[in-house]
Every structure is written in structure tokens, then in C-alpha cells.
Amino acid sequence: MMPIILRRLATSVLILLAVSVLVFVATLLLPGDPAQAILGQQATPERLAALREQMNLNDPVWQRYLTWLGGLFIGDFGVSAASGGAVSALLGERIGASLVLLVAAGAISIPVGLLLGTYSALRRGRAGDHIATGTSLVLAALPEFVIGIALVTLFSTTVFTILPSVTMAPPGEPVWNYPQQLILPTLTLVLVVTPYIIRMMRATMLEVLESGYVEMARLKGVPERQVILKHALPHALSPVAQVVAIQLAWMAGGVVVVEFLFRYPGIGQALVDAVTNRDVQVVQVLAILIAAVYIVVNLLADVVGILTNPKLRTGGAR
Amino acid sequence: MTAIDSPQLVTQETKAPPGLLRRLVAQRQAKIGIGLTAAVVLLALLGPVLLPVITGFTSTEFTGRPFQPDGVFGTDNLGRDVLSRFLDGGLRLLAYSALATLLGMVLGVLAGMTAAYAGGRVDSLIMRSNDVLLALPSLVFALLAITVLGPEGWVLVAVIGITHAPRIARVTRSATVDVITEDFIRAAEMYAVPRWKILVQDVLPNITGPLMVELGLRMTYSIGAVASLSFLGLGMQPPTADWGLMINENRIALVIQPWGVILPVLAIAVLTVGINLITDSLARAAANANVGASK
Amino acid sequence: MSTSLQDPIRTAVLSATGLRIATTAGKEILHDVSFELQPGKILALVGESGSGKTTAGLACLGHFRAGLTHTGGEIRMAGSGPSSNILDLPEPERRKLRGGVISYVPQDPALSLNPAMRIGDQIMEVLQVQGHGSSDAERRARVAEVLAEVGLKNDDAYQRRYPHQLSGGQQQRVGIAMAFACRPSVIVLDEPTTGLDVTTQALVLQTIDQLAELHNVAGLYITHDLAVVAKIADEVVVMLSGEVVEQGPTERVLYQPQHDYTRKLLDSVPDLAGKRRVGRTSVITGEQPVVDPRPAAAEDRTRREASANFLEVSGLRLAYGSNQILDGISFTLAPGESMMLLGESGSGKTTLSRCVAGLNDDYSGEVRLSGDTLSAGTRARTAEQRQRIQYVFQSPFSSLNPRRTICESVEVPLQMSGKMGRKERRRRVLEALDQVRLGSSYLDRRPGDLSGGERQRAAIARALVNAPSLLVCDEVTSALDVSVQASIIDLLRALQHETKMSMLFVTHNIALARHISQRMAILQHGQIVESGSTDEVLEHPRHEYTRELLANVPTF
């Protein structure tokens, strides 16, 4: 079992490296000169040369890549072209704020999705199933900003005005001091992610419930509850873990729109600002960060898959 | 003694199931989906044409002061007629999404079929590159590209198409792998049918089901992505009339002049829900030859 | 018709009367089915695919698969009052019967054992659910006991294995152990030996027979295989599309069948001795050594050129990693001769046939056709060589492209080999379809409209359309029902007579030998362990493996 997990880990590291190359190449495609971009048109040639030296722009490409990659490891994310400050200082608090949002949304949507999906599968074809699948089908189609705006319209402007539509924490204060402001962004993410988990859980459960071993368990006289808990659910976990992983990772990207919509002070907002200002350094760091989240979450899902499969666990010997 | 299975006698009730499209439209859900989608598509197509007749304003013309209740739906943040902008704002979104989806499908299907059919090193090379592209969420990838290349139309189409490609390639590959293990492919190989012909004539017709489903799914995502980018102010640029951009421009005044936001949000919602309903019915029709027969 | 055997002396443990089951859409698939199970006796429920035999078997456990509902009739257990109709019981009551009083052995243990549970725990589960024994220790002892009863090891290490760590035969015995664990009075066996090789099948059948008799269990044995019925059943019920057409003691049904369908079915079963005529052509015995090529020799150009060794295979080897699939295979085939390649799964027989046909190009060694060494792989062979060797695949459900018409599929070889026009090709396709007894109405139909037998005929037409001199048939009847198998065998023999082609017939079913081939070669672990004329091999087997096969093949 360990060799499989280690091999999987090595693949993850390789993919992350490949992503970093891809992201780094993006800088090279940028028209113009980063130093010029930071200092503006009026910069003197001396200052430009000094900054180029400081940013290692005169080194060969591969050396710049290695320096940049090494910097990522030690937390030196470079200099923001827009503000001229260190990228790490810019992002520090925001990463925490975004994580709060992601963890809250994940903590709600995963159990709710799994439960509703299982419920739906067990009541296949009945009213409860129709409501759950119908709702999730519609919600799954909607882009996140549509859901977000619908929620804002409903809860903070027209019908009820009970929740704040934007986040306004005084600078320096952590977002979780204002839990009311977290409700709408979290709810939006939950509504976007949960439908997929419901649908996948339902489909997987249906497939498992029709398998030979579940029929056999029933024909053995095993009570229905035990059939589901002991024979069906364990087999549904691994494929669903993959989907949950993809959804969590997707949230890392989808959070951009939600944060922008609610003016939430997280990395998504920072990313949009950075793109607007064409601040490549910041965009690169954030892209790598988000890719890393995706890769780690996927790795975890695969480990779950390996652990729940005795064929992989025991090495498949006859 | 006569043969038992004299074929004329055994022509039993093995009647051919109805075709994919017939099975699709036999479902009520698909009919609703087609209705919703058609309504928005017609609106987007005819809107720009009918604009002079209906409102008499162009979509970028200033007709009054900002956020006034003038006209049918009032004016927007710069005093332009909301209805005019709404009618004019769907076509570009649709066109960009369709082009991006098409690009993604072409790239993805080619890559997926090649990977599955060639196998071995080509397969792992294509699939590993896929993994790398998949590790960047599509929106982040798009933002990275826009940072570097600017918010041009072709950048949107190309970048969204490229982010679709790996996902489509995965689906295509697994569908193709299922088909190429069938003996009729081996038979074609045995008769030395050229490889491209095997792919076109034996593989492609047998994976249209999953591909159609993927097409619908990707179209939904393309619309979402193009509209989201415009909403973030990083897609279509002012003063273009565009649904996503309209939402961005008018949402500050959601309380006093909601139409500038509600109209485009509604249109996008109806469109994506409609396409998703069709796609879901299509998936059911593709997976089960008996769908619609009993209903 | 209701032919329930009311015998006052015997008391049935379970009786089904007037059972009707329909799909939820309203189509009835079981019509008035009745049968009785006696203690210590095995009743065989025989029918071809789609006859409803599994549905009837599952109904005995009060279980209906999704989409099916019970519409009439009852199933009664002996010993209880008028309320003993299982199908009237509420679900929890039925559940208590399942696994305890009535148990079930599934068709495919690889799918029916929970892959994530240790086998010991799976047997233990039945005992716990049924409350068998008074303590876990007692139950654990029973698990060990029943494992020994089915002839498996019963130590802790074995009980801690997962299903994937067992062979197919062992998995099936775990399934049987699970069914016998609670000492049931009725056991339903759903084709429990399908997919096992004959030796394992013989062992499993013996186990079932012994246990049923020892514990006085009534057995319902669902199968399509009449030879197995002859071996194990005391009584037989024959089903045809959801209806019982005949029932009675095994002796009577098998040797004095009353109903036309039973007679047809029995006539279709190939037998080792070749006493039955499967189809119109006579069986192959000593008097008819080779499909006679002589009269036609003068007209046949290729035949004249051919030497005695028309096909010559020498030193064929093929390995995937450390797995030696083919280990030095050599044999020859004369023109007009039919040879059977017999082997169980994993013997390398399909690989061998594919190497000959050029579908597998990983081999070393030589394949010579009329003296010319063939390149490995069809793409490397010449068009003429490709045309002369044709291959028919095992499953007609997989070998025809479902999206293309029969004509489009059958004309592929012509398209690839010739400069024939569309019209000419269509004419040739029609001829080939005539040869396989399919008419012109099939030209523009798609495989989805055809039955399995018709599809296999179309697949054979594709192989014939180019007038090959060697036809390689890879298990061409194993995906088909026995009556369809008979007609295909009949067709192949007739075609061989008509066209004087040679044939390589690959199969796992030794009973077909006299019905198809003059010579046979027996494959084991990638080697030919025995070869010779069919008579020679069947009557004087020299190799241990052949003798074992012949001893274990069920026949009647």
C-alpha cells in the first residue's frame, strides 16, 4: 500500500512542478518589462537597471525560474508590480480569510451533499428524490454570480433586508469577528458546490445498490439498514471522495467570483485586483497556491480510494 | 431434423430502440429545457436586429440621467437605456461561449481519441499534460492568461476552450477505450482498414452519446465562464453591451434600479438551466436505450 | 398449463403455484409457473436466456429485481398454516427466511461477494443476522465447519482473505458455504457453475449434491446446461419464455421428452459420443475422416497449389512479462481439414488463434500458409494473405459495429482488398448472406435488430465474403444459447462441405468435438499436450489432462 501512495505523492509533486513551469512561462510572454511596469514610464534608466538587478531580470531564464521557485518555498513571493511591496505581506491575511470561507462552505456542503444524495438514492423515484434531483439540477446549472446576486436580492435588498450584502471589516480586524457578513458568501459557495455532491452521491449509491453483492446481502437476510451501512456505503465512498475533492478544489477557483461579489477581503478579491492591474507576480503566486490546494485535495481523495479498496491495500496477490 | 434457429422464425421482438434524439425529446424535462434555451437564444439572436424597432436607442447611446425609471426598464449607471443594452447584450456571450465550447470539443476529442487509440507513451504523455492543465482551476487559468494577454475576445475564446479540452479529452478517452476493446474494431484492424478511417467510421459514431452530453455540459460552463469574467470586469470591456458586464455595472444600484441586474441575471439563469435540463435528459437517453419508450 | 405433480406421499418443502410476475410497465414475463421442491432432492429449472428462470428462482426467496412485480400465484413453505404464502409476508418476515430457511447461491461469485469484506466475516454475517447459535464463539466454529464442508481451508488466515485473493472455484465454494451456513431447508442455486472449467465444475457439483443429500436440503438448480441437469437433478422443469412447458423426473424428461421444445433442446445438446445429430449434417466418426476435398480439387486453383501442409505453425511463443502464454506451439493443418483447438480459460487458445489470423503480432516462431511464411500482424501481410485467412470472433454482440448496417459491415473485406464497385460488392455480400441462410432483407438492417444467432451468421458472412481458404473460429458459440449453438455448428459444417475450406475451431467445450472436427489438439498452459484424430483422442487419450477432462465432462 505504501508504495502506491508514495508513487501517487511523487506524481503530485511532478504535476505541481509542471504547473509552476507553466505559470512561470506566463511572465515571459508578458509584453514589456516588469521593472518598467513597477516604476512606471518616468523611471530613470539607472533606477530601472538597479531594479532589474534586484529582480534578477538579467539572469538566464532557467536561473530566474529556479530563484523564483526557491523563493516560493521559503515564503519569499517576490515584489508586487502594482504596489511595489512584498507579495507575501499583501496576501498574508487574505489567505486566512479565504480559508475561513472555504472551510465553512466545505464543512456544510460535504455532509449535506452526502446525506441528501444518499437519501435521494434510497427514495429513488419518489417525491423526495424528485425534489432533491430537480433542485440540484437547476442549481448546478447556475453560475456562481447568479446564485450570489439572487441571494443578495432576496436577503439584503428587496424582499428581506436582514443580511449585509458586502463585507466591511475594518482593516486589520479578522473577518470572523463579523459572522453575519460571512453568511451570504458561505451560502453562495454551499449552493454552488452541494448540488454536484448530491448528484454524484446519488448516482454512485444507485450503482452500488444495484450491484451483485448488495443483492446478495439482501438475499442473505441482512436488514436493510445494515445492507446500506455495511455493504453499500463503503463502496460509494471512494468515487464520491474524488468528486468532493474536485468540488473543493473548484471552490478554490470559484471563490474568486464570490469574494469579488461580496467584496470579501480574501485572495480571490486580491486576484481580481491583480489581474486588473496586470500585476503578474501576484497572479503567479495565487495561481500556484490554488493549484497546490487542488493537487493536495486530489491526493487526499486518492488516498481515501486506496485505503477503502482491499485489492490495492493487500497488493492484489492471489 | 431441421435447424432450430432458422432465422426467419427467430425474428423475435428484438426491435431497434428509437434513436438518441427521439429518446431525448420523448422526455418532458428535455422539452422544458429546449423551450427555455430556445427562448433565450432567440432573444439573443433577434435582440440586436429588433433593437431600433423596439426601443429606438442603440445600446451605447446616453438617453438620460443614470438610474432613472425612464423607458420600459429605466436607465443604467451612465444613463443608457437598460432594455436596449439587454437586447443587444446576449449575442456576444452566446457566440463566445459557442466558439469556446467548439474549440474545446475539437481539441479534447482529438486528444482523447488519439490517447486512447495510440495507447502507450502517447497516451501517458497526453493524459499527464491533461493533469497539469486540470490542476489550474479554469477561472484561474483564464485570469492568468488575461493578465498576460489582455482582455481580448480571442483570448477569452482560446483560454476557455483550452481549459475545457482536458476534461473533454478525459471523457472522450474513456468512451473510446470502451469502444476500441470491442471486437468490431479488431475486425477492422484485421482487414487493415486505415487507422483514421477506423476512428471516423467505427469509433466516433459509437461515442456520440457521451460527447453530446459533454457538449451540453461544456456549453453551460462556457456561458458561466464568459459571463463571470465579464462580471469581474475582465471579459468584455465597456462600452460593449453584455449581460455579464451589465450586472457588474448596475449592481451598485440594485436597490433603486434592479432591472439592470435582474434582466441579465434572469436571462443567463434561464439559458444555463435550459441547457442543463437538455444535457441531463441527453445523458439519460444515451445511457439507456429504453428512455422515453414507457413514458 | 398447470402440470403440478401432486403426489400425496411426498411432502413438498416449498411449492410455487400459479406464479405470475410482470414488469412494472405491465408486460407479464412469468405465466402461471408451478413447481414443488422435495427435501433431499434437486429440481432443475432449465431454460435458455430470457426464459425467466432466474426470476422464478428469486421469487422463491420473495425477492423481485427492480422493475418487476408479483401479480399472482403463491409460494408456500411446508409446515405452517394457510398464512404460509411467502409472498404475502411483510418484508421483515421474508427477510428472516432468507439466508436462514431459504438460501441462495449466485451465478457469479466475483460480483456477489462483497469485495471489501473478508470471506470469514461474510459467512459470519449470515449466522449473526439469522441468530444461528447462541454465542459468537459457536458461530465462529460453524464458519470453520461449513468451510470444511465445502472443501476449503478453514484456518484463520484463510478466513481473513478477501474475495479477490481466491480463485473463481474457491469463490463459488465460499458462496455455497454461505448458503449452507444456517442449515437451510431450501437452497436456490442460480447457474452456480457457469464460468468454471469442467474440472472445477465437477467438484462444485459434487459438493452441492453431497451437502443437499446429507442435510436433507431441497435444491432448486437453475441452469441452461442439460448435461449438468443429467448429472445432478432428480426432477426437471423446462421453461420457455416464462412458461413451464414440461416437468417430470429427470429420466423421463431427458429420455422421453413430451414437448416439442424439450425435444429440440435435447437434440441441440452436443454429445461426446456423437450419437445425436446436431443439425442436418452427420457427425464425424471414423468413416468420415476429412471433408472430402478430392472431387472439388480440380476446380479449385488454390487447393491444387497447396501442399499437404496447407497451414503450418511451428515454435510459436508469446509471453507477457513472466507470463508465458504460448510455449512453443507447432501443428499443421491439411486443406479441407477441420481441427479443434481445445483448452480451458487461460490455456492460450484464443491467443494462438489470433496469432494465426495476424491479430496478435507479438509472437515469435513461424506461421506458414501454403509454404509462405506470414508476417506477424495483418497490416504487414499481403492483401491476398489477409483474404485467405479469415477470423470469426467469439461474441457477435461485440464483433459488429452497432452503428453500421449489415451490408456495410460485411463488405469491409471487399472494400479493403479489391477494386470492386459498390454494386458488385453488394451482390457479393448478398451471396455471402445467402450462404449463412440470411436473406436480402438483412442487408440494410443494423445489428441491434438481430438476435444473437443472426448476428453470428452475419459475422460469419463477413468472413466468407472473400472466399477464404482457412476459417478461424474463436469460441463462436460460447455466447449463444444451446439451440442457436446447434444451428451455428450445423452451418459451419455445411459451409465447410460447400466451400472445402480448412477450419480451426477454438473452443473449451470438448463435447463439440465429434460435431465439428476431424482432428483435435488439446492446449494446456500454452502447450499442446495431445493431438490426433478426434476418434483417437476421445477414445484413447494418452495425456493425464485429457483423461481428466473426459472424466469430468458432464454428459448424458
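Below, chain A is the first sequence line, B the second, and so on; all start at residue 1.
- A donor-acceptor pair under 3.5 Å is formed between the side chain of C:Arg379 and the backbone N or O of B:Val193.
- Residues forming a ring pair (Phe, Tyr, Trp, His ring centres under 6.0 Å) with B:Tyr221 (at least two apart in sequence, or on another chain): none.
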Run the numbers on B:Asp202 and C:Arg404 for side-chain contact (heavy atoms from CB on, under 4.5 Å), then give the verdict.
CA-CA 8 Å; B:Asp202 289 320; C:Arg404 312 193 77 201; 3.7 Å; yes

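- In terms of heavy-atom proximity, B:Phe184 sits nearest to C:Pro402 at CE2-CD, 3.6 Å.
- Screening residues 97-109 of chain B for side chain to side chain donor-acceptor pair (under 3.5 Å) gives B:Thr101-B:Ser222 as the qualifying pairs, with residues at least two apart or on separate chains.
- Among all heavy-atom pairs drawn from C:Phe393 and B:Met190, the shortest one is CE1-CE, 4.3 Å.
- Only the side chain of C:Arg354 comes within contact range of chain B, with heavy atoms under 4.5 Å apart.
- In terms of heavy-atom pairs under 4.5 Å with chain B, the best-connected choice from C:Arg446, C:Gln415, C:Arg462 is C:Arg462.
- Looking at C:Gln390, only its side chain comes within 4.5 Å of chain B, counting heavy atoms on both sides.
- For the pair B:Ala192 and C:Met416, the tightest heavy-atom approach, listed with the atom from each and the gap, is O-CE, 3.3 Å.
- For a residue to count as touching a neighbouring chain, one of its non-hydrogen atoms must lie under 4.5 Å from one of that chain's; by this rule C:Leu359 touches chain B with the side chain only.
- For the side chain to side chain contact (heavy atoms under 4.5 Å, CB included) test, residues two or more places apart in sequence or in another chain that qualify with B:Ile34 are B:Val25, B:Ile278.
- Side-chain atoms of C:Ser399 never come within 3.5 Å of backbone atoms of B:Asp183 as a donor-acceptor pair (strictly under, hydrogens ignored).
- Listed options C:Thr378, C:Ile389, C:Asn401 were ranked by heavy-atom pairs under 4.5 angstrom with chain B; first place goes to C:Asn401.
- Residue C:Phe397 touches chain B through its backbone alone, counting heavy-atom pairs closer than 4.5 Å.
- Of all non-hydrogen atoms in B:Thr208 and C:Arg403, the two that sit nearest each other are OG1-NH1, 4.0 Å.
- Interface remark: C:Arg386 contributes side-chain atoms only to the contact with chain B (heavy atom separation under 4.5 Å).
- Counting non-hydrogen atoms of neighbouring residues, nucleotides and ligands closer than 6.0 angstrom, the CE atom of B:Met113 exceeds 12 such neighbours.
- Contact residues of residues 157-181 of chain B toward chain C are absent (heavy-atom distance under 4.5 Å).
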